Amino acid sequence: MTAPAPSTALPGKLEEELFQVRHRGLVRAILNNLSEGISIHDSTGAFVYTSPYADWLFGTVADAPSPSEWHERGIFYPDGRTLYPMEALPIWRALKGEEVREADMFIRNPNVPQGRHVRCHCIPLRDVQGQIIGGMSLIKDMDAVRREEEEKRRTEQRFQLLVETAREGIWVLDPQGKTTYVNRFLTELLGYSAEEMLGKHVLSFMDEEGRRAVEAGLQRRRQGISEIYDGKFIRKDGATLWTSISGAPMYDENGQYSGSLATITDVTARRNAEEQVRQLNAELERRIAERTAQLEFSNRELEAFAYSVAHDLRSPLRGIASFSDALTEDCAGQLDEVGLDYLRRIRGGAQRMSELIDGILALSRVNRTALVASRCDLSAMARTIAEQLHQLQPERQVRFTLQAGLVEQGDPQLLRSVLENLLGNAWKFTRERPVAEIEFGAKEEQGVRRYFVKDNGAGFDMAYRDKLFGVFQRLHAQAEFEGNGVGLATVQRIIRRHGGRVWGEGQPGQGACFTFTLNELPLPLGATAITSGAQPHE
């Protein structure tokens, strides 16, 4: 707001005495251009002179109020609500002989309806005899300063409220690591009062493990490094408090390191849960190790037993087979048809038992054989097996569809056994078809390569699929399709050793499809399906 033009001096003896000097024009110019407002009063309090700023602020020239009305002209204490009483006005006290320094007031009147903060310095004026002849007020505009201070105070209050109501601990340390501020939440976390913590070194609130971590953190703060890490404190009651500490360095206005600021979050519940999980995992691993050792021991015992039994059974079986053959050759004429049928059944049972023993031995060798992984061309294996099957029964019409380029890491001998069993089963269960269809290939599903052997043979009822891979479990009668019930069990063991799984799908009379996985490798570029008639070829 622009102050009005300078006023003319009010008449009076003091004014005449003041300006009866050679350079009164110069004096007036100086007074009128001072940055501070000036008002001069006679001994009764009447205005003798007011500078432009004081004149605008007090509005004195227009109506020249009497001193008794000053306190009614909107002169308040700094709160802006309480009027100054007459006897407390700084200029009135100066007229009584008192020098009043830095008296803060708030002025509000028609000239300044929004109000304005000022600071007055009032002194008595005396003549050569020392008698008070008047008083002078120096008035400094403090409105901008007071409003800035008020805004700063409100900002500080908001900040203080934010800090004190935060649900995280706030800890301020000096360059030596001593506490200069803690908020209420932090004192509640640690169980101390703020007075008990102020001035104490941060390391005094933790055990040796926590001291090492925080001391290292303070060193990094001095290097200008901010970070988040877990730290352990000891509460006043002795309980352990795990926290997440977010530490940052602080600097003064000159850029010098002045300490550090940390926000503290209680993570005790999380750490306790992690410890429980760790203990549970350790206990689970221990139990798994024990169970694995027990299973390995049981498997070794079972395999040794099966191997021993299989070998021990061979001798009596050879005796049964030999005597059956001798009886057939030497005594056939002495036996009737029933006796010969019994003899044929004995020989068939012995042969069946021999095949079962061979299956048991093959199954036991799967786990006892060391797995030596190398690059295996499954497509080439499938072609070789198909050719061998054709050579055994060249009269059959079998159409093989074999996908090329299927290469995996695995044990060649064991993986060949897998394909021999699966392709052999497909060959066996399609023999009733005039033209048999057998396919070997692979497809990608969810990033996993799935191999399959598919046929159009006898199929099986899915209600019995859980029996597919059981030892000696068969879904077809021996008279219908020969077998010892060990092939698929062997396949399953081999696939598991290669980190995969195997399953079968089928419908009676509509064929079957056996799928297995080995490694999660993408299908090679350029892999194509090949088709052959009587013999497989690329």
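Owing to the predicted nature of the structure, the values given are computational and were not obtained by experimental measurement.
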Is a side-chain N or O of Thr430 found less than 3.5 angstrom from the main chain of Asn456, in a donor-acceptor match? no

Ion pair present between Glu439 and Arg399, side-chain N to carboxylate O less than 4.0 angstrom? no

Considering residues at least two apart in sequence or located in another chain, which fulfil the side chain to side chain donor-acceptor pair (under 3.5 Å) criterion with Lys236? Glu196

Could you name each residue pair satisfying salt bridge (charged side-chain N to carboxylate O under 4.0 Å, His left out) that touches residues 243-270, not counting sequence neighbours? Asp230-Arg270, Arg270-Glu274

Excluding sequence neighbours, so at least two apart, what forms salt bridge (charged side-chain N to carboxylate O under 4.0 Å, His left out) with Arg222? none

Mind checking salt bridge (charged side-chain N to carboxylate O under 4.0 Å, His left out) for Arg211 and listing every partner two or more places apart, or none if nothing turns up? Glu208

With sequence neighbours left out, what residues match Asp174 under salt bridge (charged side-chain N to carboxylate O under 4.0 Å, His left out)? none

Hey, is OH on Tyr251 packed in by over 12 heavy atoms from elsewhere, all under 6.0 Å? yes

Main-chain N/O of Glu188 paired with Arg235 side-chain donor or acceptor, under 3.5 Å: yes

Quick one: which residue pairs count as a ring pair (Phe, Tyr, Trp, His ring centres under 6.0 Å) with a foot in residues 216-239, not counting sequence neighbours? Trp171-Phe233

Could you check whether any side-chain N or O of Ser379 sits under 3.5 Å from a backbone N or O of Gln403, counting only pairs where one atom can act as donor and the other as acceptor? yes

For the pair Arg497 (side chain) and Asp411 (backbone), establish whether a donor and an acceptor sit closer than 3.5 Å, ignoring hydrogens and angles. no

Whether Glu337 and Arg344 form a salt bridge (side-chain N of Lys/Arg under 4.0 Å from carboxylate O of Asp/Glu) is what I want to check. yes

Sequence neighbours excluded, every pair satisfying side chain to side chain donor-acceptor pair (under 3.5 Å) that has a member inside residues 254-265: Glu168-Thr265

The criterion is salt bridge (charged side-chain N to carboxylate O under 4.0 Å, His left out); which residues satisfy it with Asp336, sequence neighbours excluded? none

Please name all residues satisfying side chain to side chain donor-acceptor pair (under 3.5 Å) with Arg287, sequence neighbours left out, ordered by chain then number. Glu283

Qualifying residues under side-chain contact (heavy atoms from CB on, under 4.5 Å), relative to Ala373, sequence neighbours excluded: Leu371

Who passes side chain to side chain donor-acceptor pair (under 3.5 Å) against Glu445, sequence neighbours left out? Arg450

For the residue pair Phe516 and Tyr451, does the interplanar ring angle fall in the parallel (under 30°), tilted (30 to 60°) or perpendicular (over 60°) class? parallel

List in chain and number order the residues that pass side chain to side chain donor-acceptor pair (under 3.5 Å) with Ser226, two or more places apart in sequence or in another chain; answer none if no residue qualifies. none

Strictly under 6.0 Å, is that where the ring centroids of Phe429 and Phe460 end up? no

Plane angle bin for Phe400 and His390 - parallel if under 30°, tilted between 30 and 60°, otherwise perpendicular: perpendicular

